Structure formats: C-alpha cells, structure tokens
Amino acid sequence: MKGTAHTITTLANDYGVHKLDLSGNVIFAKTYSNLPETYGVRASFCSLPDSNLLLCVGRTDANVNYWQEIDKTCFLVVDTGGNLIHQYCTSDSNTLAYSNVASSYDGNYLSSGQYCSLRHQGGGPFYHEYLAKWDTGFNVVWELKEGDLSSVNGFSDFKQNGQNDILLCGQNLNDSDEAAGYNGVLAKVSKDGVPLWLHKYKLPTGLNPDYSWNYLSDMAILPDGDILAVGSWESTTTTSPLYFDQVGWIIRVHSDGCMYDGSCGITGIEDEPTKTE
C-alpha cells in the first residue's frame, strides 16, 4: 500500500502485524494469540488484490524432542485495519512453506519453503525444496517437492514473470554426504506447477572448493528477463583448527537459467521434481 509499510513479529505463543507510516509511526499493531501450536518462527506476508493482507507463519510444537518437532504452516487473512478475517493451519506436519508467500495470477496463493521427508534422531529434520499453490479456502491445488534431503534444503524466494511462470531461488545439497556442501539453486515452474528447469550453481574457489556452501536467498526478474539472485558463499577447511572464507554472492543468468558464457550451472535437473495434485 502506497505510503505505508508493514512489519510482522513472532513471539512466544503470539503472532502479530504492525502497520507503519513512512515516518515510522505506528498506524496499528495487532497480535493474534489463538493459533493452535506453541510458538511462531519466521514469517512473511503479501498484499492481496482486495487490499487485505495474507500472513504466513511457521508453527512448531516444542513439546517434543528436537528431531521429532512438528512443523506446520499457518495462514491468516487480515483486513486493512489488521482485523482477522480468516485463519488456517496445515494439517500436514511436514511443511514449512513460509519463506515467501504471494497472491498468484488467478487470485489464489503461492508459498515456498521446505518439506520434511525424514526426521533423523540427533540430526534434526531433513528437507526438500517446496512450492505449493493454495486456493482461497487454503486447500492445496498442487505442490512440488524437489531435491536431495538435507537439513537446509529449501526455496527461499520466488517471483512471477509476465507469463505467470514462477522463478525460484534457494539451496540444495550437492552430495548425499551432508558435509559435502551446498549448491545455490535457480528453478522455473509453470503457473500450473509443471517443472520447466532447475539449475545448480557454486563458486569452486577458496580453502576447500569441494566443501563450499553456496546459498541464494533473494532474487529479482530484470526488465530484459534476466534473473538476478543474491546470497552468500562459504568455504571451510576440514581439519582443526577450522578456517572460513565467506563472501557475498551475486549471480545473473538469462531467463533460461544459463550464464552468459553458455553454461547452465554445474548440472541440469539431477532429481526430477515431483508434483502431486
């Protein structure tokens, strides 16, 4: 909304939204404390075509062991005054689809994040990248899971282009051994949830290029259709004492995910994404 800004806050047992003017003055502050799980973690929101807000938050039941924790996604629709219109929490305890949320081209909702397929005692939950489309009644229209399992696999951000395709960035384990490091990921999915391409990228330099950790966390579609993504890169020694190299990372590719030198990442689609209706 022009001339205003929103912030979202997660507290123990509470979840709130603040609306500020451009001078930082609070227009309203609302807290919602009747969500069913114990506490909220990371959250996001977007404006809907009717000027309402869609808020999305991960909910965790902390009354179990770490590697068995129950993770869900909750959605809240609030009006321009912050009043709660509708709320829904997923019944699927394996979704953390709250890294980003947006209104889709047809007025439904999109959310990206992680999907848990394995919980390993002592190692925590292991995740796929995850993208889901929800209707306005919060029923899943389609969902997409991709990638090998690791503790930090996920789609961090997504944008919709002029053809209503969905472009995503995130990170993916580059080997079955978790210590082998991570690749940055860019992917493209059609408006109907059909995977079009997925490319993985890394910066093979530093102290130990085979153990580099490459993350892409935010992205934009440029006017010429190119994709710009930003994140961080880290490389470490594998012996004690540990030493780290860490830098910011910017990557620009064509609309097909390929670099200007013609290369299309270090691999193509390694694990074919799966879609369920």
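None of these values were measured; they are calculated from a predicted model.
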Results of salt bridge (charged side-chain N to carboxylate O under 4.0 Å, His left out) for D256 - residues two or more places apart only
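Expected list: none.
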Could you tell me which residues satisfy salt bridge (charged side-chain N to carboxylate O under 4.0 Å, His left out) with K191, sequence neighbours excluded, listed by chain and number?
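Checked K191 against salt bridge (charged side-chain N to carboxylate O under 4.0 Å, His left out); zero matches.
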Does anything in [range] form a salt bridge (Lys or Arg N to Asp or Glu O under 4.0 Å)? List the pairs, not counting sequence neighbours.
| range | answer |
| --- | --- |
| residues 160-170 | D165-K188 |
| residues 93-104 | none |
| residues 43-52 | none |

For [X] and [Y], work out which heavy atoms get closest and say how close.
| X | Y | result |
| --- | --- | --- |
| A97 | C56 | O-SG, 3.6 Å |
| G113 | S99 | CA-OG, 3.9 Å |
| S112 | F158 | OG-CD2, 3.3 Å |
| S47 | S103 | O-CB, 4.4 Å |

What pairs with [X] under side-chain hydrogen bond (donor to acceptor under 3.5 Å, both in side chains), at least two apart in sequence or on another chain?
| X | value |
| --- | --- |
| T73 | none |
| D106 | S104, N108, K133 |
| S190 | none |
| N164 | none |

Distance-only side-chain donor-acceptor flag, N183 / N172, under 3.5 Å
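The answer is no; no qualifying pair exists.
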Residues in disulfide (SG to SG under 2.5 Å) with C258, at least two apart?
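For C258, the residues satisfying disulfide (SG to SG under 2.5 Å) (neighbours in sequence not counted) are C264.
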Flag the pair [X] / [Y] as yes when at least one side-chain heavy-atom distance between them is below 4.5 Å, and no otherwise.
| X | Y | result |
| --- | --- | --- |
| V185 | L198 | yes |
| N94 | Y127 | no |
| F155 | N100 | no |
| F75 | V101 | yes |
| Y130 | L96 | no |
| N214 | Y201 | no |
| W249 | S232 | no |

Could you give the distance from [atom1] ([X]) to [atom2] ([Y]), rounded to the nearest 0.5 Å?
| X | Y | atom1 | atom2 | answer |
| --- | --- | --- | --- | --- |
| T80 | L48 | OG1 | CG | 12.0 Å |
| K159 | L168 | NZ | CG | 10.0 Å |
| E129 | C169 | CD | SG | 11.0 Å |

If the condition is side-chain contact (heavy atoms from CB on, under 4.5 Å), which residues does N25 pass it with, not counting sequence neighbours?
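Applying side-chain contact (heavy atoms from CB on, under 4.5 Å) to N25 gives D21, S23.
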With hydrophobic residues grouped by side-chain heavy-atom distances under 4.5 Å, do L110 and Y105 end up in a single group?
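No.
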Does L54 share a hydrophobic cluster with Y88, counting links as ILVMFWY side-chain heavy atoms below 4.5 Å and allowing steps through other members?
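Both belong to a single hydrophobic cluster.
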Could you list the donor-acceptor pairs under 3.5 angstrom formed between side-chain atoms of residues 216-224 and any protein atom two or more places apart in sequence or on another chain?
unit_1 : atom_1 : unit_2 : atom_2 : d
S217   : OG     : V230   : O      : 3.4
D224   : OD1    : D226   : N      : 3.0
D224   : OD2    : R252   : NH2    : 3.0

Do the ring planes of [X] and [Y] sit parallel (below 30°), tilted (30 to 60°) or perpendicular (above 60°)?
| X | Y | value |
| --- | --- | --- |
| Y215 | W213 | perpendicular |
| F138 | Y109 | tilted |
| Y260 | H254 | tilted |

For the pair D79 (side chain) and N52 (backbone), establish whether a donor and an acceptor sit closer than 3.5 Å, ignoring hydrogens and angles.
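No.
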Quick one, M259 with I251, criterion side-chain contact (heavy atoms from CB on, under 4.5 Å). Give me CA distance, side-chain angles, the key distance, then yes/no.
CA-CA 9 Å; M259 308 288 287; I251 182 172; 4.1 Å; yes
Apply the test side-chain contact (heavy atoms from CB on, under 4.5 Å) to residues I250 and L228: give CA-CA distance (whole Å), side-chain angles for both, the deciding distance (0.1 Å), then the verdict.
CA-CA 7 Å; I250 301 175; L228 185 70; 3.6 Å; yes
Gamma sulfurs of C89 and C74 within less than 2.5 Å:
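Yes, because the SG atoms of C89 and C74 sit under 2.5 Å apart, which meets the disulfide cut-off.
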